[in-house]
Amino acid sequence: MKKLILSVAAMTVFAFANAGSTVVPVSQEWYQETTKIDPESLPEKVKEGIQNDLELKDLKIAEAHQVMVEGQLQYLIKFESETPGEQIEKKFDAMGKEVVEVEAPVELSEPVK
């Protein structure tokens, strides 16, 4: 069964690669399923995490979403900023801890001499 799945996946990649001779890079990110929720229905731990954050505790929640990321439930929350028209986005895990996404460092090669 695994061979069949792999060969179907390989055929899909080859089909994209041969379509018009343009190679399309394939993202390695997991699919994220997002569901908009009522801010009042956020878990108590997430509400506590917001109240313990000096930057966020006095801001109004504009939107709240449940997000499945790599099988883990997280909460994406958009806050109305003190600057009109701006929003602050933060992501929390189910225990109310802020999820900080770290970008991979970019390695610079040495200049050609």
Side-chain angles (χ1 to χ4, degrees):
M1 187 68 158
K2 286 184 181 179
K3 281 187 176 181
L4 177 62
I5 292 171
L6 292 174
S7 64
V8 170
M11 288 188 303
T12 304
V13 171
F14 288 127
F16 282 111
N18 291 329
S21 73
T22 302
V23 177
V24 179
V26 178
S27 173
Q28 297 296 319
E29 294 180 18
W30 286 72
Y31 174 74
Q32 296 183 357
E33 183 179 328
T34 304
T35 305
K36 189 172 183 177
I37 61 171
D38 180 14
E40 293 298 319
S41 68
L42 287 168
E44 287 303 314
K45 293 280 186 185
V46 175
K47 290 178 184 178
E48 288 173 17
I50 293 168
Q51 286 304 308
N52 292 333
D53 188 316
L54 297 176
E55 177 188 9
L56 304 175
K57 72 177 191 172
D58 295 326
L59 299 180
K60 182 179 185 231
I61 296 175
E63 290 181 27
H65 298 263
Q66 281 184 336
V67 184
M68 286 299 286
V69 180
E70 298 181 9
Q72 299 290 322
L73 187 59
Q74 296 179 353
Y75 297 88
L76 173 64
I77 304 171
K78 295 179 183 181
F79 298 89
E80 292 180 6
S81 174
E82 292 176 353
T83 306
E86 287 187 17
Q87 289 186 338
I88 297 172
E89 273 188 22
K90 297 281 183 163
K91 197 179 277 187
F92 293 86
D93 66 12
M95 297 307 295
K97 293 182 182 175
E98 183 178 348
V99 176
V100 180
E101 296 179 4
V102 180
E103 293 184 21
V106 177
E107 292 185 28
L108 301 175
S109 60
E110 292 185 29
V112 178
K113 295 181 182 178

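Counting begins at 1 with the first residue of the sequence.
- For the atom pair CD of Q87 and NZ of K60, the computed distance is 10.5 Å after rounding to the nearest 0.5 Å.
- For the atom pair E89 CD and I77 CD1, the distance stands at 10.5 Å (nearest 0.5 Å).
- A distance-only check finds a donor-acceptor pair linking the side chain of D93 to the backbone of K97 [under 3.5 Å].
- For the atom pair E48 CD and M95 CE, the distance stands at 9.0 Å (nearest 0.5 Å).
- Linking ILVMFWY side-chain heavy atoms closer than 4.5 Å, directly or via other members, places L76 and V99 in two distinct hydrophobic clusters.
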Please table the atom pairs, donor to acceptor, closer than 3.5 Å between any side-chain atom in residues 61-69 and protein atoms at least two apart or in another chain.
unit_1, atom_1, unit_2, atom_2, d
E63, OE1, H65, NE2, 2.8

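- Judged as a salt bridge (charged side-chain N to carboxylate O under 4.0 Å, His left out), the pairs with a partner in residues 35-45 (not counting sequence neighbours) are, in order, E44-K47.
- Atom-to-atom distance recorded for D53:CG and L59:CG is 9.0 Å, nearest 0.5 angstrom.
- Here the shortest heavy-atom pairing between P43 and Y75 reads CG-OH, 3.3 Å.
- Side chains of K90 and L56 form a contact here, defined as non-hydrogen atoms less than 4.5 Å apart.
- The nearest pair of heavy atoms linking I88 to S81 is CG1-CB, 4.3 Å.
- Other residues, nucleotides and ligands contribute only 12 or fewer heavy atoms inside 6.0 Å of the CD atom of E82.
- F79 contributes atom CZ, which lies 4.0 Å from atom CD1 of I50 (distance to the nearest 0.5 angstrom).
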